[in-house]
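All values below were derived from every heavy atom in this structure, side-chain atoms included, with hydrogens, water molecules and symmetry-related copies excluded. In the text below, chain A, chain B and the rest are named by the order of the sequence lines, each starting its count at 1.
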Amino acid sequence: MQKDNIFYKIYKELYQLYGPQGWWPLTDLKSSSNPGGYHPLDYSYPKTSDQIFEICVGAILTQNTKWSAVQKVLENLKKENLLNPKKILKLNSSKLQNLIKSSGYFSQKSKKLKIFSKYFINLKNKIPSRESLLSLWGIGPETADSILLYAFKVPTFVVDSYTKKIFSNLSIIDQNFDYEKIKNLFQANLYYDFRLYQEYHALIVEHAKRYYLKSKHKILCPLYKKFVK
DNA sequence: AACCAGGACGTGA
DNA sequence: TCACGTCATGGT
């Protein structure tokens, strides 16, 4: 890859603007001084199987849902000591639905969590393949890549709706590019480094929240002035 | 008070 | 393959 390509330039710009994002947040790391549970510049592998599982659960629950809502649900599950695949499997579905209700799509998501929990137990601490994740009902490309990148530290780029919004607005990609094409474009233009991928996706989300939400005008995006003629 | 969130699936053409 | 409807609660 060449260091002066637009994908890497924008990464450096975003990193300079917002700094390290400390994804994926963990309930274990929450405290009064760190309410979000983020851990900037800590790229270490999750310390327990339950932490890995928590990241996966968060990735599923946040499908088309605000993280703040997911955070509350994770907090509840943690408080009940249920952030564990065997315990999720044992729970009856209506109880699970009640516990996760506030993060939306509770019927679908309870089913997804059940299916994923069984899969996770069968993994026996091995790193899953992307294909096996995608074969699960309820795990699409973004969720699979989030799980691989943030829970298992596998260098695979995560593409989300914000990525499409920002980079199509900057005329760097086309609106009709599909998931795999966008993912491959980023990977072809970046160092093969899970830390870089982790930060980049998190920075994209942070940037989009500031400049690409409904009421805000995309033209105000500072990347536009800097990189689009 | 409509609109949308760190998507994925099912369906019909 | 692909565009479109559906899933659902909670915040703005």
Quiz prompt | Residues A:Tyr162, A:Tyr212; criterion ring-ring contact (aromatic ring centres under 6.0 Å, His included); working and verdict | solution = CA-CA 8 Å; A:Tyr162 291 148; A:Tyr212 286 79; 8.2 Å; no
Proximity to DNA chain B (any heavy atom under 4.0 Å), residues of [range] only:
range: residues 156-164 of chain A; value: A:Ser161, A:Tyr162
range: residues 131-144 of chain A; value: A:Leu136, A:Trp137, A:Gly138, A:Ile139, A:Gly140, A:Pro141, A:Glu142, A:Thr143
range: residues 35-46 of chain A; value: A:Tyr38

| Within the structure shown, what part of the strands sits under 4.0 Å from A:Tyr105 by heavy-atom distance: base, sugar-phosphate, or nothing? |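 If one applies the 4.0 Å heavy-atom cut-off, A:Tyr105 turns out to touch a base.
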Side chain to side chain contact (heavy atoms under 4.5 Å, CB included) filter on A:Ser93, not counting sequence neighbours, yields A:Lys114
Exactly one of A:Leu83, A:Asn84, A:Leu26 clears side chain to side chain contact (heavy atoms under 4.5 Å, CB included) with A:Lys78, and that residue is A:Leu83
If the condition is ring-ring contact (aromatic ring centres under 6.0 Å, His included), which residues does [X] pass it with, not counting sequence neighbours?
X: A:Phe152; answer: none
X: A:Phe177; answer: none
X: A:Tyr197; answer: A:Phe157
X: A:Phe53; answer: A:Phe120

Shorter than 3.5 Å, N or O on both sides, protein versus nucleotides 10-12 of chain C: list them out with atom names.
residue: C:dG11; atom: OP1; partner: A:Lys72; partner atom: NZ; Å: 3.4

For the [atom1] atoms, the ones on [N] and on [M], what distance do you get once it is rounded to whole angstrom?
N: B:dT11; M: C:dA8; atom1: P; value: 15 Å
N: B:dG6; M: C:dA3; atom1: P; value: 24 Å
N: B:dA1; M: C:dC7; atom1: P; value: 24 Å

Does [X], at its [atom1] atom, have more than 12 non-hydrogen atoms belonging to other residues, nucleotides or ligands within less than 6.0 Å?
X: A:Lys101; atom1: NZ; result: no
X: A:Asn92; atom1: CG; result: yes
X: A:Lys126; atom1: NZ; result: no

Hey, is [X] close enough to [Y] for a salt bridge, meaning N to O under 4.0 Å?
X: A:Lys9; Y: A:Glu13; answer: no
X: A:Lys47; Y: A:Asp28; answer: no
X: A:Lys87; Y: A:Glu80; answer: no

Per the under-4.0 Å heavy-atom filter, residues of residues 107-122 of chain A near DNA chain C come out as A:Ser107, A:Gln108
Could you check whether any side-chain N or O of [X] sits under 3.5 Å from a backbone N or O of [Y], counting only pairs where one atom can act as donor and the other as acceptor?
X: A:Asn184; Y: A:Glu180; result: yes
X: A:Gln21; Y: A:Gly19; result: yes
X: A:Lys109; Y: A:Leu61; result: yes

Would a 4.5 Å heavy-atom cut-off, applied to side chains only, mark A:Asn169 and A:Tyr224 as touching?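 Side-chain contact under 4.5 Å: yes.
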Would you mind reading off the distance between [X] atom [atom1] and [N] atom [atom2], rounded to a whole angstrom?
X: A:Asn176; N: C:dC2; atom1: CG; atom2: P; answer: 9 Å
X: A:Gln63; N: C:dT9; atom1: CD; atom2: P; answer: 17 Å
X: A:Gln97; N: C:dC7; atom1: CD; atom2: P; answer: 14 Å
X: A:Leu61; N: C:dC7; atom1: CG; atom2: C1'; answer: 14 Å
X: A:Phe106; N: C:dC7; atom1: CZ; atom2: P; answer: 11 Å

Covered region of DNA chain B, 5' end to 3' end, by chain A [heavy atoms, under 4.0 Å]: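 Listing 5' to 3', DNA chain B meets chain A from B:dC3 to B:dG10.
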Any chance you could lay out the salt bridge (charged side-chain N to carboxylate O under 4.0 Å, His left out) test for A:Glu75 and A:Lys79, step after step, and finish with the verdict? CA-CA 6 Å; A:Glu75 196 62 38; A:Lys79 210 172 297 176; 5.4 Å; no
Less than 3.5 Å apart, which donor and acceptor atoms pair up between the side chains of residues 132-148 of chain A and the rest of the protein, not counting sequence neighbours?
residue: A:Ser132; atom: OG; partner: A:Tyr119; partner atom: OH; Å: 2.7
residue: A:Ser132; atom: OG; partner: A:Ser129; partner atom: N; Å: 3.4
residue: A:Ser132; atom: OG; partner: A:Ser129; partner atom: O; Å: 2.9
residue: A:Ser132; atom: OG; partner: A:Ser129; partner atom: OG; Å: 3.2
residue: A:Ser135; atom: OG; partner: A:Ser132; partner atom: O; Å: 2.7
residue: A:Thr143; atom: OG1; partner: A:Gln63; partner atom: NE2; Å: 2.9
residue: A:Asp145; atom: OD1; partner: A:Arg130; partner atom: NE; Å: 2.7
residue: A:Asp145; atom: OD1; partner: A:Thr156; partner atom: OG1; Å: 3.1
residue: A:Asp145; atom: OD1; partner: A:Lys183; partner atom: NZ; Å: 3.4
residue: A:Asp145; atom: OD2; partner: A:Arg130; partner atom: NH2; Å: 3.0
residue: A:Asp145; atom: OD2; partner: A:Tyr179; partner atom: OH; Å: 2.6
residue: A:Asp145; atom: OD2; partner: A:Lys183; partner atom: NZ; Å: 3.4
residue: A:Ser146; atom: OG; partner: A:Glu142; partner atom: O; Å: 2.9

